[in-house]
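The structure appears right after this line, and notes come after that.
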Amino acid sequence: MTRVLLVGLAWAAVMIGITVLSARWQIEPPKNRPIKSLTPEYASSDSCRSCHPGNYASWHASFHRTMTQVASVDNIPPSMNGLDMTYQGVEYRVERKGPAYFARSRPAGGTDADFGQPQEIVLLTGSHNLQLYWMESGKARTLANFPFAYVVAEKKWAPMEQTFLVEPGPKQVYGSDDWNTACYNCHVTQGRSRFVSAGKYDSQVSEFGISCEACHSGGREHIEQNRNPLRRFALHWSGRPDQTIANPSRMDGPASSLVCGQCHSIWAFKNPEAEIPWSYTGAQYRPGKRELDSRWVVQPQGLDHPQQRAALMKEDPDFMSQRFWGDGMVRVTGRELNATMASPCYKGGKFSCLSCHEMHPAKTDAATLTAWATQGMMKTELTSDQTCLQCHPKFQAAAALTAHTHHKIDSSGSNCYNCHLPHTTYGLLRAIRSHQVSSPTVRESVELGRPNACNLCHLDQSLAWTAEKMTEWYKQKSPALSPDDHTLSAGVQWLLRGDAEQRLLVAWSMGWAPAQSASGHDWLYPYLVFELNDPYAAVRFAAWKSLQTLPGFSGYEFDYTMDDARQKEALARAYQKWWFEVRDKNGGYRAQTMLEPAGLFQQELFDRMLDHRNHRKVYLAE
Amino acid sequence: MNPSDRHLRFGWWSLFAFLALGVVLETLHGFKLGWYLDVDQEMRRLMFTLAHAHGTLLALVNIAAGLTLRTVKGFELEKKASLALLWGSVLLPAGFFLGGLVIHDGDPGIGVLLVPVGALLLLYGVGTAARAMGKVK
């Protein structure tokens with residue numbers, strides 16, 4: 001009996017020893033990529049979960065969480081294994097080895113011996129639209145860009161440049177160490193670049209992705225203070241805000257919007273020196289502040305920051321045009337604060353991002369959270385119009401709304417968003433709603449080239465038609481219009497002779513159900529087919545996706561990344577399919593759509609439009 | 001009513017009540033009610049589960065106490081201790097239950113304050129019973 005007891009005690013002692021020792025063993029953090037390392041102020045989302053399970057769940061369901069992820073077999077599409085793609089004379093091959101993926105490259109047509117060293121894919125940016133990949137570079141925690149992106153909805157690999165609206169031809173969208181010098185600014189929580197030497201960084205983040213503390217500020221003090229249950233219950237009962245943590249929903253409009261705008265804005269450092277401490281300690285801005293500390297929100301017009309604005313333009317003369325329309329309206333996605341700030345609603349002091357969006361829906365069941373996350377994180381309790389009616393209750397009455405919109409109450413033309421937040425912003429290979437609340441004018445189209453909301457829906461109508469309605473309904477003065485603007489569809493004009501962004505916005509709108517309903521869809525086919533050979537990959541993509549929405553072309557296959565010759569072949573095949581299989585043989589195509597009654601292009605007009613196409617090089621810095 | 005009868009009667013009724021609560025909780029599962037099952041209601045679910053588990057277990061403890069009083073010769077429980085065991089068996093699960101009715105994110109409602117009171121009464125009652133059992137020849 002004693003022996004059994006002794007053996008048992010010895011065994012227990014050994015187990016306790018192993019347990020204690022194992023607690024001291026630490027897994028070495030990887031050396032080939034940025035790592036998670038908390039600063040004293042930050043505690044990470046893991047610490048928020050136990051007290052705020054509902055908010056944690058909604059954040060976890062959001063795409064903020066997965067904005068940057070450490071690469072793993074769980075978040076890399078399996079098709080990356082065996083990927084073999086050539087771009088600009090370099091062949092890239094990816095292979096999975098155990099739980100990791102490795103990329104190798106060689107000159108196209110080379111032998112196996114020409115392959116360089118394998119580079120591990122270590123990080124990815126984005127999760128639900130596009131995924132961009134980052135590889136170890138061999139220089140500490142500096143990352144190199146993998147030159148192909150994954151278009152999630154299409155399950156398609158595409159050269160990185162062809163996922164941006166960028167001029168065709170060799171152009172590198174991302175440089176060698178862009179993650180460590182640019183992406184880390186906003187795609188992680190409290191990132192620190194940590195420059196070591198030329199092209200070499202030892203980058204750290206408080207959390208990969210955008211987590212709780214990005215919007216609520218560092219939570220360490222909040223956690224320490226609230227270990228005391230009496231403090232917590234005093235706060236619950238009093239309803240007072242907890243001063244140890246920021247809560248954007250309790251802030252006024254500008255302060256609340258700036259929380260989102262710390263990333264969702266076009267910003268710049270106030271001076272070059274400000275970037276140095278930023279890169280070592282991370283952002284000094286904390287939610288609740290009224291300014292971005294060492295940065296400023298760049299609006300092309302305004303009296304603020306004159307020196308910085310001048311310096312910015314001197315350094316990069318295209319800075320504004322790559323991001324803003326001529327009147328200062330932002331034209332790229334992801335920069336919504338600039339648009340919000342320019343909205344008349346913003347000036348009241350209450351309007352903020354949270355007027356329409358919510359970060360933590362009341363319901364936390366999986367279905368609600370999935371719908372909320374995939375539908376722009378809109379307030380789940382409100383329909384689209386109700387968000388506007390919160391401040392504009394006079395339009396709640398059907399008669400008042402109809403009198404204002406001059407559209408049927410149940411039509412898309414009576415929806416606030418469609419007129420006041422039209423799809424005039426570009427990003428992620430598609431048109432996206434502007435976030436600047438504005439009213440449509442013909443002047444914006446004539447003077448700035450920005451398609452107006454009316455003609456983005458009534459694609460078949462001319463600018464003169466719109467001008468007439470605007471004068472009749474809203475007493476707008478019509479600008480001078482060209483003869484073509486009186487007789488030809490504005491949509492077709494933008495598509496044929498517009499610049500790449502105009503073409504993309506119209507090509508996308510041709511696939512938009514309200515536009516197809518308002519302007520018919522029979523006449524859209526030849527134009528969308530024609531745009532399958534647009535010089536800009538993003539325009540081809542938008543045209544293809546819109547073509548797929550039309551009867552007869554559902555699921556139509558087209559590789560928007562293929563070369564010009566094969567694009568032309570595909571175009572010819574698609575045109576033949578439309579002409580022989582889908583086209584309305586009775587004809588009746590309207591002259592204003594620049595088609596003959598039978599459906600052929602009005603060739604002389606068509607050629608003239610193309611001769612006058614705006615070939616300016618477009619690059620939108622989304 | 002003698003202590004044995006009191007503990008047995010309380011135990012069986014308490015067992016009935018908390019088993020019934022279990023049936024209610026299963027029903028909430030069955031109908032997938034968000035008020036009980038959603039992630040942000042985690043604390044309510046925990047509190048109700050604790051109320052069910054503690055209530056049922058303490059009912060069995062009371063039945064055991066009643067049977068012990070009835071069958072073990074020489075075993076006597078002071079009235080104070082007997083009442084402490086009974087009230088602890090009420091207050092502890094009731095505290096969990098009330099704490100789950102109204103919750104504040106990751107915190108239970110004020111009703112949870114009954115839990116430590118009930119726990120102290122239970123400790124006193126069970127401790128006294130254990131000591132009394134030690135004195136039985």
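Values below: all heavy atoms of this structure, side chains included; hydrogens, waters and symmetry mates excluded. Here is the naming used below: chain letters follow the sequence lines, and residue numbers restart at 1 for every chain.
Atom CD of residue B/Gln41 and atom CG of residue A/Asp365 lie 11.0 Å apart, to the nearest 0.5 angstrom. B/Ile110 CD1 to A/Trp237 CH2: the interatomic distance, rounded to the nearest 0.5 Å, is 3.0 Å. Of the inter-residue distances, the one linking A/His52 atom NE2 with B/Glu42 atom CD reads 12.5 Å to the nearest 0.5 angstrom.
Chosen from B/Leu37, B/Asp38, B/Asp107, the residue pairing most often with chain A at heavy-atom distances under 4.5 Å is B/Asp107.
For CD of A/Glu381, the number of neighbouring non-hydrogen atoms (other residues, nucleotides, ligands) closer than 6.0 Å is 12 at most. In A/Lys363, the NZ atom is not crowded: 12 or fewer heavy atoms of neighbouring residues, nucleotides or ligands sit closer than 6.0 Å. Atom CZ of A/Arg231 has more than 12 neighbouring heavy atoms from other residues, nucleotides or ligands inside a 6.0 Å radius. Heavy atoms from other residues, nucleotides or ligands lying under 6.0 Å from CD of A/Glu358 number more than 12. Atom NZ of B/Lys80 is surrounded by 12 or fewer heavy atoms from other residues, nucleotides or ligands within 6.0 Å. Counting heavy atoms of neighbouring residues, nucleotides and ligands inside a 6.0 Å radius, atom CZ of A/Arg286 exceeds 12 of them.
Neither the backbone nor the side chain of A/Ala366 comes within contact range of chain B; no heavy atom of the residue lies under 4.5 Å from a heavy atom of that chain.
You'll find the side chain of A/Pro53 reaches within 4.5 Å of the side chain of B/Val39, heavy atoms only.
Taking the six-membered ring for Trp and thresholds of 30 and 60 degrees, B/His104 and A/Phe233 have ring planes more than 60 degrees apart, a perpendicular arrangement.
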